[in-house]
Amino acid sequence: MTGKTTLTPGSEDKAAEMIASAAADKTTLAIEGSGTKSAIGRPVFADSTISSAKLSGITAYNPAEMVISARAGTPLPEINRELAKNNQMLAFEPPVLGHLFGAAGDPTIGAVAATNGAGPRRIVAGAARDSLLGVRLVNGRGEVVKNGGRVMKNVTGLDLVKLLAGSWGTLGLLSEVTFKVLPSPKSEQTLVLRGLDDDAATAAMAHGMASPNEVSGAAHLPNLVADKMIGGGAATVFRLEGFADSVCIRVQQLQKTFAAIAQSEVLDGDQSANLWRAIRDVKPFGGSNSILWRVSMKPSEAHKFVMAIRMHAAIDAYYDWQGGLVWLSLQDDNPNDEMIRAELARHGGGHATLIRADSQYRALVPVFQPLAKPVEALSRRIKAAFDPDGIFNPGRMAA
């Protein structure tokens with residue numbers, strides 16, 4: 001558990017001073033933004049918490065260059081509002097997951113970078129690391145480190161920007177991040193196919209993504225999940241975005257493609273946006289204490305993997321990223337980590353992350369996908385280089 005003291009530096013220099021002092025005293029620090037994701041990962045046993053909450057504000061934004069820089073504690077809605085003024089967006093759709101843990105507040109842009117989040121548009125726009133251009137951070141010695149910039153470029157040597165994306169606060173306290181942004185689509189529609197089972201839905205999603213209709217989201221919601229999100233039973237959904245006339249034509253073409261296998265309907269505007277926001281934010285599994293897993297894997301094997309898990313445990317599940325992302329909600333009190341990872345290995349491999357469980361389980365099981373020995377050794381060397389005294393988020397990613 002983290003200590004009661006919370007440090008809230010108001011500047012990067014003050015953060016560096018606090019961290020240098022903690023390193024000198026061998027004081028461990030839990031790193032936090034708004035705390036909406038603090039229940040993900042193994043429990044952190046730290047003497048104090050250092051928060052980026054006061055390191056807030058947009059520092060540079062040039063709509064013509066489609067680049068935005070902000071201090072790490074800037075709330076994500078503030079970023080989104082500023083981008084919306086110029087019809088721009090973070091294309092990778094960072095998810096908002098605090099409701100899964102009953103956490104109040106908004107996620108911060110630093111946490112978006114540190115956790116490498118991505119929503120349904122991941123299949124065409126990549127994850128956070130693919131839009132992250134530059135970072136500033138304070139390392140475990142209290143030194144300010146800058147890497148990257150405000151343009152895309154080739155990198156030789158160690159690319160710290162990509163390395164820090166997904167490091168979950170174990171390498172340093174991010175103080176500022178720079179992201180590439182893209183124009184927001186003028187309109188969107190969602191084609192809904194009704195009544196397909198998981199096998200047929202997998203084939204339909206693959207066919208839809210391979211078509212020339214520029215699908216920007218493909219997901220399958222089995223019966224129980226669909227009833228919570230959209231009603232009407234199992235739904236296989238395809239999002240198409242762009243200029244209104246183009247979207248209408250492409251939806252019609254996709255509708256004709258699937259006319260022989262399923263009844264369909266079309267969601268417009270807010271209906272479509274609300275559905276994909278719910279898929280992004282894992283809304284069906286909010287308001288529950290069920291054990292929740294996030295599994296990324298080969299899309300063609302996902303439905304077979306879910307069927308294999310059903311033979312061992314009572315679960316609810318749905319598929320995003322054309323089946324490449326599976327959300328599993330277990331209805332019993334056992335996280336079943338060995339069984340889940342064994343079945344994942346049998347179905348082509350991938351990454352299984354325990355997103356929600358009580359702290360007792362999270363302390364006992366590998367929350368993140370175990371690394372191969374050579375990769376684990378390299379990770380430890382990188383950790384030692386950034387944080388030689390191991391003061392940041394001790395135990396969060398590995399025992």
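Remember, it's a predicted structure, so these values are computed and weren't measured experimentally. Values reported hereafter were calculated over all heavy atoms of this structure, with side chains retained and with hydrogens, waters and symmetry mates removed.
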A.B. asks: OG1/Thr190 to CD/Glu265 distance, rounded to the nearest 0.5 angstrom?
C.D. replies: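 The distance works out to 10.5 Å.
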A.B. asks: Does one side chain, of Thr49 or Glu32, offer a donor that lies under 3.5 Å from an acceptor on the other?
C.D. replies: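 Judged by distance alone, the side chains do not pair up.
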A.B. asks: Where the side chain of Gln88 meets the backbone of Pro63, is there a donor-acceptor pair that is under 3.5 Å apart?
C.D. replies: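 Here the side-chain-to-backbone pair exists.
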A.B. asks: Answer with yes or no whether the hydrophobic clustering places Leu196 together with Phe238; edges join I, L, V, M, F, W, Y residues whose side-chain heavy atoms lie under 4.5 Å apart.
C.D. replies: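 As far as the 4.5 Å side-chain criterion goes, Phe238 and Leu196 are connected within one cluster.
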A.B. asks: Do the non-hydrogen side-chain atoms of Pro284 and Asp316 ever get within less than 4.5 Å of each other?
C.D. replies: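 Side chain of Pro284 against side chain of Asp316, heavy atoms only: no contact under 4.5 Å found.
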A.B. asks: Are Lys14 and Lys54 side-chain neighbours, meaning at least one heavy-atom pair lies under 4.5 Å?
C.D. replies: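 Of all side-chain heavy-atom pairs linking Lys54 with Lys14, none is under 4.5 Å.
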A.B. asks: Taking atom CG of Leu254 and atom OG of Ser264, what is their separation to the nearest 0.5 Å?
C.D. replies: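 Rounded to the nearest 0.5 Å, the CG-OG separation comes to 9.0 Å.
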A.B. asks: Determine whether more than 12 heavy atoms belonging to other residues, nucleotides or ligands lie under 6.0 Å from atom CG of Asp25.
C.D. replies: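 Counting other residues, nucleotides and ligands, CG of Asp25 exceeds 12 neighbours.
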A.B. asks: Could you tell me how the ring of Phe285 sits relative to the ring of Tyr318: parallel (under 30°), tilted (30 to 60°) or perpendicular (over 60°)?
C.D. replies: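 Aromatic pair Phe285/Tyr318 classed tilted.
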A.B. asks: Hey, mind stepping through Lys304 and Met307 against side-chain contact (heavy atoms from CB on, under 4.5 Å) and telling me if it holds?
C.D. replies: CA-CA 5 Å; Lys304 301 174 189 176; Met307 181 59 68; 5.7 Å; no
A.B. asks: Looking at Ala352, is its backbone amide N or carbonyl O close enough to the side chain of Gln369 to form a donor-acceptor pair, meaning the two atoms are under 3.5 Å apart?
C.D. replies: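 It does hold such a pair.
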A.B. asks: Measure the acute angle between the ring planes of Phe305 and His347, then classify it against the limits of 30° and 60° as parallel, tilted or perpendicular.
C.D. replies: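 The arrangement is perpendicular - the two ring planes meet at more than 60°.
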A.B. asks: What do the steps show when you test Phe92 against Phe179 for ring pair (Phe, Tyr, Trp, His ring centres under 6.0 Å), and what is the final call?
C.D. replies: CA-CA 11 Å; Phe92 56 91; Phe179 279 101; 5.6 Å; yes
A.B. asks: Is there a salt bridge (charged side-chain N to carboxylate O under 4.0 Å, His left out) between Arg239 and Glu93? Walk through the geometry before answering.
C.D. replies: CA-CA 14 Å; Arg239 179 177 60 188; Glu93 293 181 284; 2.9 Å; yes
A.B. asks: Looking at Leu164, Val135, Leu133, which one forms a side chain to side chain contact (heavy atoms under 4.5 Å, CB included) with Asn147?
C.D. replies: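 In the set Leu164, Val135, Leu133, the residue that makes a side chain to side chain contact (heavy atoms under 4.5 Å, CB included) with Asn147 is Val135.
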A.B. asks: Give me the atom names and distance for the closest heavy-atom approach of Gly105 to Thr36.
C.D. replies: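 Closest approach of Gly105 to Thr36: O-CG2, 3.6 Å.
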A.B. asks: Can you establish whether the number of heavy atoms outside His351 located under 6.0 Å from its atom NE2 is more than 12?
C.D. replies: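 Not buried by this count: 12 neighbours or fewer within 6.0 Å.
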A.B. asks: For Ala72, is there any backbone N or O sitting under 3.5 Å from a side-chain donor or acceptor partner on Arg136?
C.D. replies: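 Judged by distance alone, no pair lies under 3.5 Å.
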A.B. asks: Count the heavy atoms of every other residue, nucleotide or ligand shown that sit under 6.0 Å from NZ of Lys298, and state whether that count exceeds 12.
C.D. replies: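 12 or below, so no.
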A.B. asks: Within the distance-only criterion (no hydrogens, no angle test), does the side chain of Trp321 pair as donor or acceptor with the backbone N or O of Gly119 below 3.5 angstrom?
C.D. replies: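 Present.
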A.B. asks: Same cluster or not: are Val326 and Leu354 linked, directly or through other Ile, Leu, Val, Met, Phe, Trp or Tyr residues, by side-chain heavy atoms under 4.5 angstrom apart?
C.D. replies: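 Per the 4.5 Å side-chain linkage, Val326 and Leu354 are co-clustered.
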A.B. asks: Checking side chain to side chain contact (heavy atoms under 4.5 Å, CB included) against Leu267, which of Leu191, Asn274, Ile230, Val237 comes through?
C.D. replies: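 Among Leu191, Asn274, Ile230, Val237, the one meeting side chain to side chain contact (heavy atoms under 4.5 Å, CB included) with Leu267 is Ile230.
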A.B. asks: In Å and rounded to the nearest 0.5 Å, what is the CG to CZ distance from Leu328 to Arg294?
C.D. replies: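 Here the interatomic distance stands at 12.0 Å.
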A.B. asks: For residues Asp106 and Pro75, report the shortest heavy-atom separation together with the two atoms involved.
C.D. replies: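 Minimum heavy-atom contact is CB-CB, 4.3 Å.
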A.B. asks: On a heavy-atom basis, which atom in Lys383 and which in Gly390 lie closest, and how many Å separate them?
C.D. replies: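 That closest heavy-atom pairing would be CE-CA, 4.4 Å.
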A.B. asks: Flag the pair Lys37 / Thr115 as yes when at least one side-chain heavy-atom distance between them is below 4.5 Å, and no otherwise.
C.D. replies: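 Yes. Closest side-chain heavy atoms under 4.5 Å.
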A.B. asks: Does either side chain, that of Thr28 or that of Asp47, offer a donor lying less than 3.5 Å from an acceptor on the other one?
C.D. replies: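 Their side chains do contain a donor-acceptor pair, which is all the 3.5 Å distance test asks for.
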A.B. asks: Any link between Leu163 and Val177 through a network of hydrophobic side chains (Ile, Leu, Val, Met, Phe, Trp, Tyr) touching at under 4.5 Å?
C.D. replies: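 Yes; tracing contacts between hydrophobic side chains, which count when under 4.5 Å, links both residues.
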A.B. asks: For Trp327 and Ile279, indicate whether the former's side chain and the latter's backbone hold a donor-acceptor pair under 3.5 Å.
C.D. replies: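 Side chain of Trp327 to backbone of Ile279: no pair is present.
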A.B. asks: Which heavy-atom pair separates Arg396 from Ile31 by the least distance, and what is that distance?
C.D. replies: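 In this case the closest contact between Arg396 and Ile31 is NH1-O, 4.5 Å.
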A.B. asks: So which heavy atom on Ala30 is nearest to which on Val44, and how close?
C.D. replies: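 Looking at all heavy atoms of both residues, the shortest contact is CB-CG1, 3.9 Å.
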A.B. asks: Would you say Met89 and Met66 are hydrophobically clustered, going by side-chain heavy atoms of ILVMFWY under 4.5 Å?
C.D. replies: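 No; Met66 is not reachable from Met89 via cluster members.
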A.B. asks: Can you tell me if Arg280 uses its side chain to pair, donor with acceptor, with the backbone of Pro120 under 3.5 Å?
C.D. replies: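 Not confirmed, Arg280 side chain does not pair with Pro120 backbone.
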A.B. asks: Trp168 vs Ile40, test: side-chain contact (heavy atoms from CB on, under 4.5 Å). Steps then yes/no.
C.D. replies: CA-CA 9 Å; Trp168 288 84; Ile40 303 177; 3.5 Å; yes
A.B. asks: Quick one: closest heavy-atom pair of Ile109 and Ala70, and the distance?
C.D. replies: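 In this case the closest contact between Ile109 and Ala70 is CG2-CB, 4.2 Å.
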A.B. asks: Taking side chain as C-beta onward, heavy atoms only, is Leu275 less than 4.5 Å from Leu221?
C.D. replies: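 Heavy-atom side-chain distance check passes, below 4.5 Å.
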A.B. asks: Does Asp227 reach the main-chain N or O of Leu224 with its side chain, forming a donor-acceptor pair under 3.5 Å?
C.D. replies: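 Flag not set: sc Asp227 to bb Leu224 has no pair under 3.5 Å.
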A.B. asks: So do the side chains of Ser216 and Leu240 get within less than 4.5 Å of each other, counting heavy atoms only?
C.D. replies: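 Sidechains of Leu240 and Ser216: no contact.
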A.B. asks: Are Leu325 and Arg122 side-chain neighbours, meaning at least one heavy-atom pair lies under 4.5 Å?
C.D. replies: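 They are not in side-chain contact.
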A.B. asks: Please test Leu330 against Asn336 for side-chain contact (heavy atoms from CB on, under 4.5 Å), starting from the C-alpha separation and ending with a verdict.
C.D. replies: CA-CA 9 Å; Leu330 275 67; Asn336 288 295; 3.4 Å; yes
A.B. asks: Measuring from atom OG of Ser52 to atom CG of Leu173, what distance do you get when rounded to the nearest 0.5 angstrom?
C.D. replies: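 Ser52 atom OG to Leu173 atom CG measures 6.0 Å (nearest 0.5 Å).
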A.B. asks: Taking Arg356 for its side chain and Phe101 for its backbone only, find out whether a donor-acceptor pair lies under 3.5 Å.
C.D. replies: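 Absent.
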A.B. asks: Same cluster or not: Val124 versus Val215, using hydrophobic residues (I, L, V, M, F, W, Y) connected whenever any side-chain heavy atoms lie under 4.5 Å apart?
C.D. replies: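 Same hydrophobic cluster.
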A.B. asks: Just checking, is any N or O donor in the side chain of Tyr361 or Asp333 under 3.5 Å from an acceptor N or O on the other one?
C.D. replies: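 Note: Tyr361 and Asp333 side chains miss the donor-acceptor criterion.
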A.B. asks: Does one side chain, of Asn213 or Ser211, offer a donor that lies under 3.5 Å from an acceptor on the other?
C.D. replies: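 Side chains of Asn213 and Ser211: pair found under 3.5 Å.
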A.B. asks: For a 4.5 angstrom cut-off between non-hydrogen side-chain atoms, does Lys85 reach Glu82?
C.D. replies: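 Yes; the side chains approach each other to less than 4.5 Å.
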A.B. asks: For Arg310, does the CZ atom have more than 12 heavy-atom neighbours from other residues, nucleotides or ligands under 6.0 Å away?
C.D. replies: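 Count over threshold, so yes.
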A.B. asks: Do any N or O atoms from the side chain of Thr202 and from the backbone of Asp198 form a donor-acceptor pair under 3.5 angstrom?
C.D. replies: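 Yes, Thr202 side chain to Asp198 backbone: donor-acceptor pair under 3.5 Å.
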A.B. asks: Checking the side chain of His99 only, and the main-chain atoms of Asp281 only, is there a donor and an acceptor separated by less than 3.5 Å?
C.D. replies: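 Such a contact is found between His99 side chain and Asp281 backbone.
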A.B. asks: How about Arg71 and Thr59: does a side-chain donor come under 3.5 Å of a side-chain acceptor?
C.D. replies: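 Arg71 vs Thr59: no donor-acceptor pair found between side chains.
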A.B. asks: Once you round to the nearest 0.5 Å, how far does OG of Ser290 lie from CG of Leu100?
C.D. replies: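 Atom-to-atom, Ser290:OG and Leu100:CG are 9.0 Å apart.
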A.B. asks: Are a donor atom and an acceptor atom from the side chains of Gln331 and Ser329 found within less than 3.5 Å of each other?
C.D. replies: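 Note: Gln331 and Ser329 side chains meet the donor-acceptor criterion.
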A.B. asks: Roughly how far, to the nearest 0.5 Å, is CD1 of Ile19 from CG of Leu137?
C.D. replies: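 Taking CG in Leu137 and CD1 in Ile19, the distance rounds to 8.5 Å.
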A.B. asks: Can you tell whether the side chains of Arg81 and Glu78 come within less than 4.0 Å, N to carboxylate O?
C.D. replies: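 Salt bridge: no.
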A.B. asks: Begin with the C-alpha distance, continue with both residues' side-chain angles, and end with the deciding distance and a verdict on side-chain contact (heavy atoms from CB on, under 4.5 Å) for Asp387 and Thr170.
C.D. replies: CA-CA 8 Å; Asp387 181 20; Thr170 59; over 6 Å; no
A.B. asks: Is there side-chain contact between Leu76 and Leu90, with heavy atoms separated by less than 4.5 Å?
C.D. replies: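 Counting from C-beta outward, Leu76 and Leu90 do come under 4.5 Å.
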